[in-house]
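This report refers to the structure that appears directly beneath it.
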Amino acid sequence: MSDYKKIFHNGLWQNNQALVALLGLCPLLAVSNNTINGLGLGLATLAVLMISNVLVSLIRNHVSSEIRIPVYIAIIATAVTAIDLLMNAYFHTLHGILGIFIPLIVTNCAILGRAEAYASKNSVDKALLDGFFMGLGFLIVLVILGALRELIGQGTLFDQAHLMFGEGARDWTLHFGDNYQGVLLAILPPGAFIGLGLLIAAKNYYDQKKATKLQNQLGIKIALK
């Protein structure tokens, strides 16, 4: 498998920061009560991961090991501040809903972890791709969890899409049943833990089933020889 395929596979599946590394769970669990909130925070996190990975890769040969962590944190904080100001300017209402969880991206261990473990040891193009796919994997989990909680909790999908996509998106909300009352637990914090637990269980089940199938195929080949 080439380096680029490994980056793709690691970011989206093998080392997914939300399902495998279990990093950045505080904002993930807090804001994933609907799809648009999850998408907003996911895009902000993805942008910060890409910017910080590229900058860390660019300066990796010019920063001594003793001060590298403070420098990485300063880079991440600068990227988060820029994204926070941009969201406040162009998505003001959504920015208000996400609130403190946008500045808190600075404390997301996934971002500092990728800067230290990957970007500081690899070229700019690989660091950029790593940031993109790691961020995309995190974003996908946020959106799926947000969609599940919104669907079960409110019986809707893409509610308040106009906060991100403009006034033309007001009609995008999908309603599943006029008489659906919703399950309050899904929107509350315990619903976030249960939903994420189910997603992790589904991934582990798939991986185990795939590994068992591969093991059986290898066993048959060895027996035939």
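Numbers here simply count residues along the sequence, with the first being 1.
Side-chain atoms of Q17 never come within 3.5 Å of backbone atoms of F138 as a donor-acceptor pair (strictly under, hydrogens ignored). Side-chain atoms of N216 come within 3.5 Å of backbone atoms of T212 as a donor-acceptor pair (strictly under, hydrogens ignored). The main-chain N or O of A74 is found under 3.5 Å from a side-chain atom of T78 such that the two form a donor-acceptor pair. Without hydrogens or angle criteria, E150 side chain to L148 main chain gives no donor-acceptor distance under 3.5 Å.
Atom OG1 of residue T173 and atom CD of residue Q154 lie 9.5 Å apart, to the nearest 0.5 angstrom. If you take CD1 on I7 and CG on L128, they are separated by 9.5 Å, rounding to the nearest 0.5 Å. Going from atom CG of N16 over to atom CE of M134 covers 8.0 Å, rounded to the nearest 0.5 Å. We find the CG-CG distance between L22 and L196 to be 7.0 Å, quoted to the nearest 0.5 Å. Rounded to the nearest 0.5 Å, atoms CG (L19) and CG (N204) are 8.5 Å apart. With rounding to the nearest 0.5 angstrom, the CG atom of N108 is 7.0 Å from the CG atom of L23.
Residues L86 and L55 fall within the same hydrophobic cluster, defined by Ile, Leu, Val, Met, Phe, Trp and Tyr side chains chained together at heavy-atom separations under 4.5 Å. Residues Y205 and L199 do not share a hydrophobic cluster, clusters being chains of Ile/Leu/Val/Met/Phe/Trp/Tyr side chains in contact below 4.5 Å. Cluster membership for F132 and V143, using ILVMFWY side-chain heavy atoms within less than 4.5 angstrom, is shared. When hydrophobic clusters are built by joining Ile, Leu, Val, Met, Phe, Trp and Tyr residues whose side-chain heavy atoms come closer than 4.5 Å, directly or via intermediates, L151 is not grouped with I144. Criterion: ILVMFWY side-chain heavy atoms under 4.5 Å apart, direct or through other members. Under it, F133 and L39 are part of a common hydrophobic cluster.
Residues N34 and D159 have side chains that never bring a donor and an acceptor to within less than 3.5 angstrom of each other.
Counting heavy atoms from C-beta on, the side chains of L29 and P189 never come closer than 4.5 Å. Counting only heavy atoms from C-beta outward, the side chains of L112 and I73 approach each other to under 4.5 Å. The side-chain heavy atoms of Y118 and K126, taken from C-beta on, include a pair separated by under 4.5 Å.
Surrounding OH of Y180 are more than 12 heavy atoms belonging to other residues, nucleotides or ligands, all under 6.0 Å away. No more than 12 heavy atoms of other residues, nucleotides or ligands sit less than 6.0 Å from atom CD of Q215. The 12-atom threshold is not exceeded at CG of D171, counting heavy atoms of other residues, nucleotides or ligands nearer than 6.0 Å. Residue-environment remark: CZ (F176) exceeds the threshold of 12 foreign heavy atoms within 6.0 Å.
Between F165 and W172, the angle of the ring planes lies from 30° to 60°, which puts this pair in the tilted group.
Closest non-hydrogen pair, L98 versus N37, comes out as CD2-O, 3.7 Å. Closest approach of L145 to S32, counting heavy atoms only: CD2-OG, 3.4 Å. Between W13 and D207, the closest heavy-atom pair is NE1-OD1, 2.8 Å. Counting all heavy atoms, side chain and backbone alike, S52 lies closest to I76 at CB-CG1, 3.8 Å. Between P27 and F101, the shortest heavy-atom distance links the atoms CA-CD2, 3.8 Å. Closest approach of I102 and V80 over heavy atoms only: O-CG1, 3.5 Å.
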Determine, stepwise, if the pair D84 / I105 fulfils side chain to side chain contact (heavy atoms under 4.5 Å, CB included). CA-CA 10 Å; D84 186 42; I105 292 173; over 6 Å; no

Could you check I97 against I36 for side chain to side chain contact (heavy atoms under 4.5 Å, CB included), going step by step and ending with a plain yes or no? CA-CA 11 Å; I97 293 172; I36 297 302; over 6 Å; no

Run the numbers on L12 and L136 for side chain to side chain contact (heavy atoms under 4.5 Å, CB included), then give the verdict. CA-CA 7 Å; L12 295 186; L136 186 61; 3.9 Å; yes

Test side chain to side chain contact (heavy atoms under 4.5 Å, CB included) on T35 and M164 and set out the steps. CA-CA 11 Å; T35 314; M164 175 166 287; over 6 Å; no

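Residues forming a side-chain contact (heavy atoms from CB on, under 4.5 Å) with I83 (at least two apart in sequence, or on another chain): A44, A47, V48, I51, M87.
The list of side-chain hydrogen bond (donor to acceptor under 3.5 Å, both in side chains) pairs with a residue in residues 68-77, not counting sequence neighbours, reads R68-E116.
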